[in-house]
Every structure is written in C-alpha cells, then in structure tokens.
Amino acid sequence: NVVYEDEDLLVVDKPPGLAVHPAPGHPGHTLVNALLSHVPHLAQMGDSLRPGIVHRLDKDTSGLMIVAKNRAAQMNLIEQFRTRSVVKAYLVLVKGHLTPEEGVIDAAIGRDARNRKRMAVVREGRPARTQYRVVRYIKGYTLLEVIPETGRTHQIRVHLAAIGYPVVGDPVYGVKSPHLSRQFLHACRLGFRLPSSGEYVEFRSELPEDLEQALKEIS
C-alpha cells in the first residue's frame, strides 16, 4: 500500500509477515521485490539486495516505511535518520500496567552473551533511548505509543522486556498470546523532511485488522 509518492521517495504501509529485503532462505516475496515491480529503476541504485532502503521493519512488524527512489534522496534520508530528526512512533501492546504513564528507557543494547541471536541490555552495548506514553490500559495490558530515539536492533522489544513489560505476541523477548500470531508492534506515525524542499511531512497508519481484533478479544 503506497501512502505517498513523489519523484524522490515512497512511503509504504508494510503488511505483517513481509520481509523487507531478500536474504538467505527467502530470495523472493519481499518488499524489495514488490518495489522493483513498482519502480523498476530502483535496480540501478547500486545495492541489489536493498535498493532504496533507508531503514527497516522486522518481518512481523507492520506499518510505515520510507523508500528512496534516487541516490540523492537516499543520502538525504539516511542523514535525517543519523541526526535523529525523523519521527518514528509505534503502537505497542505490553503485558502488565506500565507506570508512570510517560517515561524514557535509557539502557545500552548489545548482543546477548548467552545467545548471540538475541539482543539484550548490556553495559558495554551501544547507547539506546526509547520514549513511551500510555495510550490506555486494557485489563492486564497496556497500549503504548513508543518513539525510539535511537535505532538499535529489536530496541523496543528489548527495552520493554528489560523493564518487565514484554511485548505481547513477541516470541523472542515477549509473551505468547492466544489472540495474536505475531508481535503487537505497528509503525503508526512517520515524520521527516522532504529531500526536495525541506518541508516537514507526517504520515499515519491505522492499526491493521489483526491487531484491532486482538484488542477487542482482550477487552
């Protein structure tokens, strides 16, 4: 689903279950394959596996992503991410009643020494900060809007698990749920400056059907 498009970029609303780019084991059926069909000249941007990709979402995370359509726009957007001027907000459901209702989790993240496939809060890790605010409490759960200030791997999931409020449906760091077949993590808001004009724009994405249904079932 293309939310916005101009000569420099696309904003897409990625469905859950779709990997962003090809990797060993799944060479096709990725967002990149779909993008190359929509914008064939992306293939000329140099990186055959990740043409135009400036940031990513996990396969089972849904929501908004920016994709550059030319090299100049890609460099501009990468710089906006580097300087943390891009606003990325997620809707996240966690187990438990998170208090206080607003806060910042400031804890370094690195590879888990006990399992190198996982990330963890570790003293010698890279700096990581995550803002959150409570949207509402739903029985034994809390729906949050979360803004990661940094972009560490699995940052939101690791940080929330570390403070004792694991993401619902997350098979690695969170808690399983009979109501969900994936983690409750949706990129709902994305703001940045257009490379062509410098104008700030912001886009929003409603919760997809599976996450809305899960909220109804636990209410």
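Between Pro208 and Ser62, the shortest heavy-atom distance links the atoms CG-OG, 3.6 Å. The minimum heavy-atom distance linking Glu7 with Lys69 is given by the pair O-CB, 3.8 Å. Closest of all the heavy-atom pairs between Gly96 and Thr142 is O-OG1, 2.5 Å. Minimum interatomic distance between Ala128 and Arg152 (heavy atoms only, all atoms of both residues): CB-CG, 3.7 Å. Across all their heavy atoms, Ser177 and Val168 have their closest contact at CB-CG1, 3.5 Å. In terms of heavy atoms, Asp8 sits closest to Pro195 at OD2-CB, 4.2 Å.
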Only distances under 3.5 Å count here; give the side-chain donor-acceptor pairs of residues 103-121 to other protein atoms, sequence neighbours excluded, each with its distance to 0.1 Å.
unit_1, atom_1, unit_2, atom_2, d
Asp106, OD2, Arg129, NH1, 3.1
Arg111, NH1, Arg116, O, 3.1
Asp112, OD1, Arg114, N, 2.9
Asn115, OD1, Lys117, N, 3.0
Arg118, NH1, Val172, O, 2.6

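Remark: Glu102 engages Arg133 in a side chain to side chain contact (heavy atoms under 4.5 Å, CB included) (not counting sequence neighbours). With sequence neighbours left out, Ala89 forms a side chain to side chain contact (heavy atoms under 4.5 Å, CB included) with Glu145, Ile147, Cys188, Arg189. Under the side chain to side chain donor-acceptor pair (under 3.5 Å) criterion, Arg136 pairs with no residue at all, not counting sequence neighbours.
For the pair Val12 and Leu31, the minimum side-chain heavy-atom distance is below 4.5 Å. Residues Gln183 and Asp58 have side chains in contact (heavy-atom distance under 4.5 Å, counting atoms from C-beta outward). The closest side-chain heavy-atom distance from Leu98 to Leu144 is below 4.5 Å. Looking only at side-chain heavy atoms (C-beta outward), Leu215 and Ile138 come within less than 4.5 Å of each other. Looking only at side-chain heavy atoms (C-beta outward), Leu57 and Leu18 stay at 4.5 Å or farther from each other. For the pair Arg193 and Ser85, the minimum side-chain heavy-atom distance is 4.5 Å or more. Side-chain contact check for Val146 versus Gln131: every heavy-atom pair is 4.5 Å or farther apart. Phe184 has its side chain out of reach of Val94: every pair of non-hydrogen atoms, C-beta onward, lies at least 4.5 Å apart.
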Inset, instruction - Starting from the C-alpha separation in whole Å, work towards a yes-or-no answer on side chain to side chain donor-acceptor pair (under 3.5 Å) for Glu209 and Gln213. - result: CA-CA 6 Å; Glu209 194 173 322; Gln213 184 62 33; over 6 Å; no

Inset, instruction - Please test Ile53 against Val20 for side chain to side chain contact (heavy atoms under 4.5 Å, CB included), starting from the C-alpha separation and ending with a verdict. - result: CA-CA 9 Å; Ile53 300 299; Val20 169; 3.9 Å; yes

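Checking side-chain atoms of Thr99 against main-chain N and O of Glu101 turns up no donor-acceptor pair under 3.5 Å. Looking only at distances, a side-chain donor or acceptor of Lys14 sits under 3.5 Å from a matching main-chain atom of Lys59.
Taken to the nearest 0.5 Å, the OG1 atom of Thr130 stands 7.0 Å off from the CG atom of Leu160. A distance of 4.5 Å separates CG in Leu10 from CD in Glu5, rounded to the nearest 0.5 Å. Separating the CG atom in Leu93 from the CG atom in Leu185 is a distance of 10.5 Å, to the nearest 0.5 Å.
In this structure, Leu207 is not a member of the same hydrophobic cluster as Val167, with clusters built from ILVMFWY side-chain heavy atoms closer than 4.5 Å.
Within 6.0 Å of the CD atom in Glu206, the count of heavy atoms belonging to other residues, nucleotides or ligands does not exceed 12.
If you chain together ILVMFWY residues whose side-chain heavy atoms come under 4.5 Å of each other, Phe192 ends up grouped with Val3, Tyr4, Leu9, Val11, Val54, Leu64, Ile66, Met75, Leu77, Ile78, Phe81, Val86, Leu190, Leu194, Val201, Phe203.
Among pairs with a residue in residues 137-167, those fulfilling ring pair (Phe, Tyr, Trp, His ring centres under 6.0 Å) read His97-Tyr137, His154-Tyr173, at least two apart in sequence or across chains.
Side-chain contact, Gln155 with Thr150: a donor N or O sits under 3.5 Å from an acceptor N or O. Looking only at atom types and distance, the side chain of Asn70 has no donor-acceptor partner in the side chain of Gln74 under 3.5 Å away.
Evaluated for a side-chain hydrogen bond (donor to acceptor under 3.5 Å, both in side chains) with Arg182, the options Asp210, Asp60, Asp170, Thr61 yield exactly one hit, Asp210.
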